[in-house]
Amino acid sequence: MNVHSIQLNQPIPIYDLSKLDALTKRRLKEVGIYEGSVIFVKRRYPFHGPCTIESDGQHVGIRRRTLELLLGDGNQ
């Protein structure tokens, strides 16, 4: 799934965190984002900047590349 094709405030289930590095996985789990949770993209910043996502009322800013890996769009 491409970050540009996602509608804002659309529910997106997280299926796989295995493409993320250990530190990013740990930090996402600390704020309640884990396999099986549902996130919403709230804001996309221009020029390939970060994105703001929401999970269980918690708003988190993450890099666009990290979001692509969460969505399964990253080619690592």
Side-chain angles (χ1 to χ4, degrees):
M1 186 179 296
N2 190 346
V3 174
H4 299 292
S5 66
I6 297 172
Q7 297 291 325
L8 296 180
N9 299 316
Q10 172 188 352
I12 303 164
I14 301 298
Y15 296 114
D16 188 19
L17 296 177
S18 64
K19 293 182 180 179
L20 300 173
D21 61 284
L23 182 60
T24 304
K25 261 193 263 190
R26 189 186 78 197
R27 288 187 177 168
L28 288 175
K29 286 181 180 182
E30 286 175 356
V31 296
I33 299 172
Y34 47 88
E35 292 176 3
S37 62
V38 176
I39 65 170
F40 299 87
V41 176
K42 292 296 189 176
R43 171 98 182 178
R44 291 185 302 256
Y45 291 92
F47 307 113
H48 298 284
C51 297
T52 303
I53 61 173
E54 178 192 357
S55 177
D56 293 330
Q58 180 93 6
H59 289 257
V60 180
I62 62 172
R63 294 179 296 186
R64 186 174 299 252
R65 176 73 178 145
T66 303
L67 182 59
E68 289 172 351
L69 291 173
L70 274 175
L71 301 175
D73 193 35
N75 300 321
Q76 243 185 353

- Query: For Glu30, does the CD atom sit with more than 12 other heavy atoms under 6.0 Å from it, leaving out its own atoms?
  - Reply: yes
Test of understanding: clusters of I, L, V, M, F, W, Y form through side-chain heavy atoms closer than 4.5 Å, transitively. Do [X] and [Y] belong to the same one?
X     : Y     : answer
Ile62 : Val31 : yes
Leu17 : Phe40 : no
Ile39 : Leu8  : yes

- Should the pair Glu68-Arg64 be classified as a salt bridge under the 4.0 Å nitrogen-to-oxygen rule? no
May I have the list of side-chain donor-acceptor pairs in residues 42-58 shorter than 3.5 Å, sequence neighbours left out?
{"residue": "Lys42", "atom": "NZ", "partner": "Asn9", "partner atom": "OD1", "Å": "2.8"}
{"residue": "Lys42", "atom": "NZ", "partner": "Glu54", "partner atom": "OE1", "Å": "3.1"}
{"residue": "Arg44", "atom": "NH1", "partner": "Ile6", "partner atom": "O", "Å": "2.5"}

- Task: Side-chain contact test, heavy atoms from C-beta onward, threshold under 4.5 Å: evaluate it for Ile12 versus Leu70 and give yes or no.
- Result: no
- Item | Ile14 side chain near Leu28 side chain, heavy-atom distance below 4.5 Å | no
Can you tell me how far the [atom1] atom of [X] sits from the [atom2] atom of [Y], to the nearest 0.5 Å?
X     : Y     : atom1 : atom2 : result
Asp16 : Leu71 : CG    : CG    : 11.5 Å
Arg27 : Leu20 : CZ    : CG    : 13.0 Å
Leu69 : Lys25 : CG    : NZ    : 11.0 Å

- Message: Ignoring hydrogens, what is the shortest heavy-atom contact between Tyr15 and Pro13? Give both atom names and the distance.
- Response: OH-CG, 3.3 Å
